[in-house]
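Reckoned from all heavy atoms, side chains included, excluding hydrogens, waters and symmetry mates.
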Amino acid sequence: MNQLEGRKLKISVVTPSHNRLEYLKEAVVSVQANVLAPLDIEFEHIIHDCGSTDGTKEYFISNLSPTKIFYIKDQGDNKESTKDRQWIQATEDLRKNGKGELADNITFIRSEHKVPPSQARNICIQKASGQFICVLDDDDVFLQRTLHNFASAILLNPTKKFYTSDFLRVNEHLQYMPKEDYYGWIYSSPQEMLQAIFDSCHFIQGNVCFSKKLYDEVGGYDESVGMAEDLDLYVRFLIHGHLNVYLPMISHLHRMHTANFSIGCDQSKHHSDLTDIYRRNENKLKMMGIQLRLSQ
């Protein structure tokens, strides 16, 4: 089934953020710098500020039209599901002379408190108008042809819903870190890829573009999950029978720094996350013949 529903292809880039304004500005610039030609496609960037206190809110509301600014009203304890949270659109234009430095394809969402990653991403995707979603962390940066390359693959594979790529690790100054590249593998079936994941031989991180329909089909990010909510989602894509299309391209630069979650993710933590994901999906995985083997 074609994913475009007779519309021009539009990709929604989603970025939750908390107290990383300077990194976030670089992420925003990297998305806007994408060159789409010669493809006739569109993109948008949806940013969810999860209670930042570093000036993130002030920066965006002073540079965007109020039609592009939304506030989330909730109880502040993260017990409400995404669908139960109230949205309030801004009414006051705080731009100087009605002009700001940010593009009008950027939408800014503000929660007044810190929100877990799974909920933060679900909130972003609620506002997404594209048929496909790319997730970009607030401290990472896209390459200039990332959206073009994902879009080309989507247009060439109109029935496919799930795409992955390679990425490079860089330090906090965006300097390349040798011998730290992420490179994908090609699998013949969802079962083969799932077994590699639960053998701890392969993983998927931010190098992904997926259809909004597939996201809806599997129920979005599981809001009961703490860490590894992204891998949990991609495992459910595979359980539902959707093998990724692997693109041998660099999609983004993954920044490693002292406040980065990846820094503290050693083998034991990764195995713990995989065990949790396996247990949540155990019955379906066992029916597919997938074992939790966790190679050392």
If we ignore angles and hydrogens, is there a donor and acceptor under 3.5 Å between the side chains of [X] and [Y]?
X: N105; Y: Q32; value: yes
X: S52; Y: D49; value: yes
X: R85; Y: Q119; value: yes
X: Y176; Y: D181; value: yes
X: K10; Y: S129; value: yes
X: T82; Y: E223; value: yes
X: Q195; Y: Y187; value: no

Does any part of the side chain of [Y], heavy atoms only, come nearer than 4.5 Å to the side chain of [X], both counted from C-beta?
X: C209; Y: I154; result: yes
X: L294; Y: T275; result: yes
X: W87; Y: Y71; result: no
X: L155; Y: L9; result: yes
X: L194; Y: M288; result: yes
X: K127; Y: I109; result: yes
X: L253; Y: F142; result: no
X: L233; Y: D222; result: no

* Asked: Apart from F167 itself, what residues make up its hydrophobic cluster when side-chain heavy atoms of I, L, V, M, F, W and Y under 4.5 Å apart count as a link, directly or indirectly?
  ->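 Grouped by the 4.5 Å side-chain rule, Y182, F203 form the rest of the cluster around F167.
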* **K212 to F132 six-membered ring, cation-pi geometry met (6.0 Å, 45°)** =>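 So K212 doesn't make the cation-pi contact.
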* Ring-face cation contact, Y221 with R121, 6.0 Å cut, 45° max ->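 R121 over Y221 ring: yes.
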Main chain of [Y], side chain of [X]: is a donor-acceptor contact present, judged purely on distance under 3.5 Å?
X: N63; Y: E101; answer: yes
X: N34; Y: L143; answer: yes
X: N171; Y: Q175; answer: yes

Given [X], which of [options] fulfils the side-chain contact (heavy atoms from CB on, under 4.5 Å) condition?
X: S211; options: K160, Q131, K161; answer: K161
X: C124; options: T107, I133, V14, I47; answer: V14
X: R169; options: E180, R255, K179; answer: E180

Only distances under 3.5 Å count here; give the side-chain donor-acceptor pairs of residues 238-245 to other protein atoms, sequence neighbours excluded, each with its distance to 0.1 Å.
| residue | atom | partner | partner atom | Å |
| --- | --- | --- | --- | --- |
| H240 | ND1 | R236 | O | 3.0 |
| H242 | NE2 | E217 | OE2 | 3.3 |
| N244 | ND2 | T164 | OG1 | 2.6 |

* To do: Could I get the full list of salt bridge (charged side-chain N to carboxylate O under 4.0 Å, His left out) partners for K73, not counting sequence neighbours?
  =>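 For K73 there are no salt bridge (charged side-chain N to carboxylate O under 4.0 Å, His left out) partners, ignoring immediate neighbours.
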* To do: Taking salt bridge (charged side-chain N to carboxylate O under 4.0 Å, His left out) as the test, write out the residues that go with K284, two or more places apart.
  =>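 Result, salt bridge (charged side-chain N to carboxylate O under 4.0 Å, His left out) vs K284: none returned.
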Work out which heavy atom in [X] is nearest to a heavy atom in [Y]; give both atom names and the distance.
X: T15; Y: L136; result: OG1-O, 2.9 Å
X: H48; Y: S111; result: NE2-OG, 2.7 Å
X: S251; Y: F150; result: CB-CE1, 4.2 Å
X: E26; Y: V141; result: O-CG1, 3.8 Å
X: V115; Y: C50; result: N-CB, 3.7 Å
X: S17; Y: D138; result: OG-OD2, 2.9 Å

* **Test salt bridge (charged side-chain N to carboxylate O under 4.0 Å, His left out) applied to R293 and D199, step by step** => CA-CA 5 Å; R293 297 196 290 226; D199 283 345; 2.7 Å; yes
* Out of R280, R279, K286, which one pairs with E282 under the side-chain hydrogen bond (donor to acceptor under 3.5 Å, both in side chains) rule? ->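 Of the listed residues R280, R279, K286, the side-chain hydrogen bond (donor to acceptor under 3.5 Å, both in side chains) partner of E282 is K286.
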* Asked: With sequence neighbours excluded, what pairs up with L94 under the side chain to side chain contact (heavy atoms under 4.5 Å, CB included) test?
  -> I61, E92
* To do: Quick one: do D139 and R20 satisfy salt bridge (charged side-chain N to carboxylate O under 4.0 Å, His left out)? Show the steps, please.
  => CA-CA 7 Å; D139 51 355; R20 287 181 177 166; 3.1 Å; yes
[X] atom [atom1], neighbour heavy-atom count above 12 within 6.0 Å:
X: I186; atom1: CD1; value: no
X: D216; atom1: CG; value: yes
X: Y183; atom1: OH; value: no
X: K99; atom1: NZ; value: no
X: K25; atom1: NZ; value: yes
X: D104; atom1: CG; value: no

* Does any pair with a residue in residues 21-44 pass ring pair (Phe, Tyr, Trp, His ring centres under 6.0 Å), and if so which ones, sequence neighbours excluded? ->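 Residue pairs with at least one partner in residues 21-44: Y23-H257.
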* Are Y278 and F198 close enough that their ring centers fall under 6.0 Å? ->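 Centroid separation for Y278 and F198: below 6.0 Å.
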* To do: If the plane angle is over 60° it's perpendicular, under 30° parallel, otherwise tilted; pick one for Y234 and F237.
  =>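 Judged by the thresholds at 30° and 60°, the geometry between Y234 and F237 is tilted.
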* To do: Please lay out, stage by stage, how K8 and E42 fare under the test salt bridge (charged side-chain N to carboxylate O under 4.0 Å, His left out).
  => CA-CA 8 Å; K8 180 188 294 188; E42 299 176 345; 3.8 Å; yes
* To do: Start with the C-alpha gap between E44 and I46, add the side-chain angles, then the distance that decides, and say whether side-chain contact (heavy atoms from CB on, under 4.5 Å) holds.
  => CA-CA 7 Å; E44 64 180 351; I46 301 172; 3.7 Å; yes
